[in-house]
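Here is the structure we will look at, set down as structure tokens.
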Amino acid sequence: MTTLARRTHTCGEPRARHSGSRVTLQGWVDAHRDLGGVVFMDLRDRYGITQVTVDHRSPPQARQAAAAARLEYVMQIRGTIIPREKPNPDMPTGQVEVLADSVELLSSTLPLPFAISDDCNANEDTRLRYRFLDLRRPALQENLLTRHKAALTARLYLDSQGFTEVETPVLTRATPEGARDYLVPSRVHPGSWYALPQSPQIFKQILMVAGADRYFQVVKCFRDEDLRADRQPEFTQIDMELSFADRELVMEIAQGLTTAIWRQVLGVEAGPFPRLSYHQAMSRYGCDAPDTRFGLEHHDLTQLLQGTAFRIIAGALEQEGGICKAFLVPGAAGSTSRKTLDSWTELVRTHGLGGLLWAKVVQGKWTGPLARLGQQERSAIATSVDATPGDLLLLAAGPASRVHAGLSALRLHVARVRELIPRDQFSFCWITDFPAFEFDEGQQRWVAVHHPFTAPLPQHVPLLGSGREHEILSDAYDLVCNGHEIAGGSVRIHDPQVQSRVFHALGLDRRQAEEKFGFLLEALRYGAPPHGGIAFGFDRCVMLLCGTENIRDVIAFPKTTSAQDLMSGAPGTVDAAQLAELHVTNAASG
């Protein structure tokens with residue numbers, strides 16, 4: 001029977017200075033080469049890899065065990081560190097090897113579904129099904145370490161700024177607004193339900209009323225919404241709230257936290273942190289989370305083309321809210337085929353646009369659909385967008401929401417295929433002054449753009465209830481990095497009268513407001529300090545720090561885009577007896 005010894009070194013530790021030392025290593029067989037009388041094994045743990053040599057100098061038992069070893073067997077090696085005859089400069093431990101005098105099998109393995117390496121070509125579903133194997137890959141081990149460093153840095157920085165970490169409930173009350181809640185039935189209170197928190201929003205505001213002054217929490221949140229590459233149904237936030245704080249103080253703390261994390265984890269100085277209003281972001285980029293690492297900015301040609309004889313554009317501008325925008329791709333006229341332009345047209349159509357208009361500027365002349373514009377119109381557009389020979393102009397017209405969505409997606413796609421996005425660069429910006437409300441056509445009422453506790457700008461408070469809710473801007477702010485919203489927050493409403501007016505604007509009468517948010521409204525009536533906060537999407541931050549575009553790469557046990565855990569089989573069925581205890585029936589099985 002194998003006796004487990006105490007490890008003396010990790011597999012990433014041995015160096016030339018350790019030559020002659022006795023060691024005990026434990027790990028997985030990463031490579032195995034039997035040359036007939038000489039066996040070389042690379043032993044791996046999360047710290048690195050060390051080569052182990054078993055030859056005529058090793059006891060028979062060690063030679064026999066080494067010959068029988070296979071990839072991903074768990075082994076215990078005891079021996080002496082010696083210099084390698086042929087050093088490997090690609091390995092941190094490549095100057096030395098371990099000459100084994102004891103080789104012991106700790107655990108064997110079934111046949112592997114894929115190779116444990118960073119270049120394995122298994123599809124993602126297979127890797128998620130065997131996530132316990134996938135996580136052995138060095139790249140994912142490094143991602144988990146990066147996540148740990150980022151969380152530790154956040155805690156240390158916020159502690160240095162006077163914050164206290166406070167845990168808030170996971171089983172709470174369902175409240176309206178935002179995404180759909182995940183609901184949990186109560187066994188003790190038949191017919192009643194808990195909700196898993198979409199965020200600790202109400203509780204952190206109550207902590208400000210309670211005098212906590214500066215709160216933070218690295219917290220799990222849950223939203224039952226459609227998923228994508230940078231979104232999960234359960235995710236982690238670095239959540240914080242500050243009393244006696246205005247926008248400037250919250251943004252200052254958030255920038256300090258961002259700077260600390262990027263410096264500690266990557267050795268990179270984050271920033272600068274320029275600011276764009278929501279209106280400016282939509283005008284220049286067509287979205288409120290723009291990637292500012294490259295140009296291709298949008299130009300609004302709506303006024304310039306009012307009254308145009310070009311029927312496609314004229315018809316779009318005649319619609320209520322119709323706009324016309326374009327962006328220039330410098331030097332792309334000669335290298336962009338009609339097939340490529342057709343594929344770009346299909347891309348914008350997926351965002352509701354009828355099509356894409358384009359022109360190639362060649363030797364002072366325009367070719368393509370936009371060549372049908374009048375000479376004066378073409379000259380005015382060329383001046384507006386600063387077009388020069390060899391450039392490609394891409395234009396869309398239609399409802400503002402569709403033009404913004406279509407051209408924003410096209411801008412990012414063109415930048416990717418033409419390799420215009422700098423690698424290993426982080427571009428940050430703040431987006432401020434969001435609309436406070438937007439009109440929901442389906443519900444025929446105003447809804448909060450962020451959440452109903454976001455304070456309007458002070459000068460816009462008088463507009464509440466005036467019928468001019470579309471003019472109200474909120475005291476909200478998002479931090480964006482490389483086209484990803486990594487943090488979002490706002491100054492909160494601390495005046496219960498203003499909070500009631502906001503609820504009224506959202507279509508909630510006094511009774512409904514008290515029913516849904518009564519405990520917050522009651523707290524606000526007991527001396528609430530002015531307060532504000534922000535929450536970082538921690539998973540997205542780590543995704544950027546690790547240089548991946550897939551958030552599942554930085555979460556130990558993620559869900560698929562259909563919200564399934566392929567390893568554990570969640571969500572799964574529950575037997576009838578357990579459902580009966582919860583006073584719930586399964587309609588799907590009925």
Side-chain angles (χ1 to χ4, degrees), residues 7 10-12 25-35 39-52 54 65-77 88 90-94 97 103-148 227-236 423 539-540 542-572:
R7 180 176 62 188
T10 69
C11 294
L25 303 181
Q26 294 153 343
W28 287 262
V29 177
D30 190 71
H32 185 273
R33 303 176 297 282
D34 190 337
L35 304 183
V39 174
F40 295 104
M41 286 188 294
D42 287 347
L43 200 67
R44 183 196 74 245
D45 60 16
R46 83 166 183 87
Y47 305 95
I49 295 175
T50 291
Q51 177 171 285
V52 176
V54 183
R70 296 294 180 264
L71 294 181
E72 295 307 305
Y73 277 20
V74 184
M75 309 296 291
Q76 177 172 278
I77 307 294
N88 184 348
D90 296 327
M91 290 176 61
T93 62
E97 61 186 356
V103 177
E104 298 174 90
L105 173 67
L106 299 179
S107 179
S108 61
T109 178
L110 293 171
L112 299 172
F114 53 82
I116 310 299
S117 64
D118 287 338
D119 58 355
C120 76
N121 57 6
N123 65 48
E124 187 178 47
D125 280 358
T126 300
R127 290 190 288 107
L128 291 177
R129 164 67 180 83
Y130 297 95
R131 188 63 166 180
F132 45 83
L133 296 177
D134 194 33
L135 285 172
R136 291 183 193 172
R137 295 193 295 125
L140 292 192
Q141 290 280 320
E142 188 63 29
N143 289 353
L144 293 183
L145 182 59
T146 296
R147 188 182 181 100
H148 163 72
L227 306 184
R228 59 193 186 203
D230 67 346
R231 181 183 288 170
Q232 284 276 292
E234 53 179 316
F235 57 96
T236 304
R423 296 184 178 182
D539 307 299
R540 288 185 185 175
V542 178
M543 181 182 74
L544 290 166
L545 292 166
C546 292
T548 177
E549 294 186 353
N550 189 338
I551 205 167
R552 292 185 288 277
D553 288 342
V554 300
I555 298 173
F557 302 105
K559 305 291 190 297
T560 66
T561 52
S562 58
Q564 291 179 296
D565 181 345
L566 299 181
M567 184 186 71
S568 70

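Reckoned from all heavy atoms, side chains included, excluding hydrogens, waters and symmetry mates. Positions are given from 1 along the sequence.
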Measure the shortest side-chain to side-chain distance between [X] and [Y] over non-hydrogen atoms and say whether it is less than 4.5 angstrom.
X      : Y      : answer
Leu133 : Met567 : no
Glu124 : Asn550 : yes
Leu71  : Ile116 : no
Thr146 : Val554 : no
Ser108 : Tyr73  : yes
Asp134 : Phe114 : yes
Arg127 : Cys120 : yes
Met75  : Leu25  : no

Rounded distance [0.5 Å steps], [atom1] in [X] versus [atom2] in [Y]:
X      : Y      : atom1 : atom2 : value
Ile555 : Arg131 : CD1   : CZ    : 8.5 Å
Leu128 : Asn123 : CG    : CG    : 9.0 Å
Met91  : Thr93  : CE    : OG1   : 3.5 Å
Glu549 : Asp553 : CD    : CG    : 10.5 Å
Glu97  : Asn88  : CD    : CG    : 11.5 Å
Arg33  : Gln51  : CZ    : CD    : 5.5 Å

Is the backbone of [Y] close enough, under 3.5 Å, to the side chain of [X] for a donor and an acceptor to pair up by distance?
X      : Y      : result
Asp45  : Cys11  : yes
Asp42  : Asp30  : no
Gln141 : Leu135 : yes
Gln232 : Lys559 : yes
His32  : Val39  : no

message: Run the salt bridge (Lys or Arg N to Asp or Glu O under 4.0 Å) test against Arg540 and tell me which residues pass, sequence neighbours left out.
response: Asp230
field: Stepwise side-chain contact (heavy atoms from CB on, under 4.5 Å) test for Arg46 and Leu144
entry: CA-CA 10 Å; Arg46 83 166 183 87; Leu144 293 183; over 6 Å; no
field: Note: Arg44-Glu72 ion pair, threshold 4.0 Å (strictly below)
entry: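 Between Glu72 and Arg44 there is a salt bridge, with a charged N closer than 4.0 Å to a carboxylate O.
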query: Below 4.0 angstrom, N of the basic side chain to O of the carboxylate: do Asp539 and Arg147 qualify?
result: yes
- prompt: Is there a donor-acceptor contact under 3.5 Å linking the side chains of Asp119 and Ser117?
  reply: yes
- request: Sequence neighbours left out, what pairs pass salt bridge (Lys or Arg N to Asp or Glu O under 4.0 Å) with at least one residue falling in residues 560-572?
  value: none
